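Below, each value reflects all heavy atoms present in this structure, side chains not excepted, and no hydrogens, waters or symmetry copies. The shown structure was predicted, so the numbers you read here are calculated from the model rather than taken from an experiment. We count residues from 1, following the sequence as given.
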Amino acid sequence: MEELMTIGVLLFGLVIGSFLNVCIYRLPRGEEIVKKPSHCPNCMSPLTWYEMIPVISFLIQKGRCRNCKEKISFQYPAVELFNGILYLWIVHKTGYQFLSLLYCLCASALLVIAVIDARTYEIPLGCNLFIGTMGCVRLFLNLSVWQEYVIGFFAVSGPFLLIYLFTQGKGIGGGDIKLMAAAGLLLGWKGILLALAVGSVTGSVVHITLMKLKKKDRVLAFGPYLSAGIFLAMLYGRELMEWYLRLCGF
């Protein structure tokens with residue numbers, strides 16, 4: 001039974017990952033993501049059901065469109081597989097409970113944010129609203145400690161907003177503000193502060209390294225690193241805090 005449930009979680013993650021590819025491609029273009037049929041971005045030919053089987057279709061078609069033979073980006077199977085792995089990771093850490101579902105859906109939104117922001121330096125509003133909805137559900141399920149989540153909504157987004165106003169939008173992006181507000185509602189104030197710390201350290205180290213090795217531009221897409229911080233705080237918040245306190249001698 002446990003093996004079957006694990007396979008079910010993986011398959012669910014792969015299927016949702018296929019939809020995430022649609023979001024990643026269409027959201028920056030302002031296209032419909034639900035009603036518009038899936039199609040080849042090169043020849044625009046509609047895809048059949050057997051061309052949309054996560055990962056497997058890509059392998060069978062050898063990474064090319066069945067109609068025009070144009071190469072299909074490796075992003076498609078990579079996102080599908082990575083989302084499946086994220087779902088397995090979350091369920092392994094948190095078990096089979098409703099909170100795990102919230103975390104899985106949030107992780108998918110973070111994956112979309114990370115890819116789109118890395119490419120366009122913009123975070124789709126819809127993704128932030130979706131995470132905020134997950135946060136509202138979490139708040140409703142924990143009304144006895146509602147203050148923790150309400151404070152979390154403002155704990156990072158408030159200072160970010162001040163930076164945005166003071167620098168006239170040059171110091172931080174509006175999407176980052178909304179992301180941290182939505183995630184703060186999901187994680188609470190302790191979790192969102194930890195997410196900021198992890199995201200900032202990771203972003204600094206990785207981006208400076210890329211600047212030196214690959215001559216990366218100084219402009220930083222903060223979304224991918226904040227997303228990583230949110231994900232780690234979501235799953236390992238308590239462990240990371242205890243580790244830090246022990247490191248400081250508390």
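The CE atom of M180 sits 10.5 Å away from atom CD1 of I131, with the distance rounded to the nearest 0.5 Å. The line from CG of L105 to CD1 of I16 is 7.0 Å long, rounded to the nearest 0.5 Å. Put simply, OG on S38 and CG on N21 are 10.0 Å apart, with the number rounded to the nearest 0.5 Å. In this structure, H39 NE2 and N67 CG are separated by 13.0 Å, a value rounded to the nearest 0.5 Å. Taking CD1 from I172 and CG from D176, the interatomic distance works out to 4.5 Å, rounded to the nearest 0.5 Å. To the nearest 0.5 Å, atoms CD1 (I113) and SG (C127) are separated by 5.0 Å.
Remark: the backbone N or O of T94 is paired with a side-chain donor or acceptor of Q97 at under 3.5 angstrom. Of the possible donor and acceptor atoms, none in the side chain of N83 sits under 3.5 Å from a partner among the backbone N and O of L14. Of the possible donor and acceptor atoms, none in the side chain of S100 sits under 3.5 Å from a partner among the backbone N and O of V91.
Of all the heavy atoms in A183 and I230, the pair that sits closest is CB-CD1, 3.6 Å. Annotation for A182 and G132: closest pair CB-N, 3.5 Å, computed over non-hydrogen atoms. Minimum heavy-atom separation, S18 to P54: CB-CG, 4.3 Å. Annotation for G17 and E80: closest pair C-CG, 3.7 Å, computed over non-hydrogen atoms. Here the shortest heavy-atom pairing between N42 and C68 reads ND2-SG, 3.3 Å. Nearest heavy-atom pair, L179 versus L110, reported as atom, atom and distance to 0.1 Å: CD1-CD2, 4.1 Å.
For the residue pair Y87 and S108, a side-chain donor N or O sits within less than 3.5 Å of a side-chain acceptor on the partner.
Aromatic rings of W89 and Y103 (six-membered ring for Trp) have centroids beyond the 6.0 Å cut-off, not under it. Between Y76 and F58, the distance from one ring center to the other does not fall under 6.0 angstrom.
Atom CG of L210 is surrounded by more than 12 heavy atoms from other residues, nucleotides or ligands within 6.0 Å.
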Stepwise salt bridge (charged side-chain N to carboxylate O under 4.0 Å, His left out) check, E239 with K93: CA-CA 12 Å; E239 291 92 331; K93 182 65 173 64; 3.0 Å; yes
Verdict with supporting geometry, F231 and L111, side-chain contact (heavy atoms from CB on, under 4.5 Å): CA-CA 10 Å; F231 179 80; L111 181 54; over 6 Å; no
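Cation-pi geometry between R119 and Y121 is not satisfied (NZ or CZ under 6.0 Å from the ring centre, within 45° of the ring normal).
The existence of a salt bridge linking E32 and R26 is excluded, since no basic side-chain nitrogen approaches an acidic carboxylate oxygen closer than 4.0 Å. Salt bridge status for E51 with R66: present, with a side-chain N to carboxylate O gap under 4.0 Å.
Residues I163 and L165 are members of one and the same hydrophobic cluster, defined by side-chain heavy-atom contacts under 4.5 angstrom among Ile, Leu, Val, Met, Phe, Trp and Tyr. V15 and L47 are members of different hydrophobic clusters when ILVMFWY side chains are connected at heavy-atom separations under 4.5 Å.
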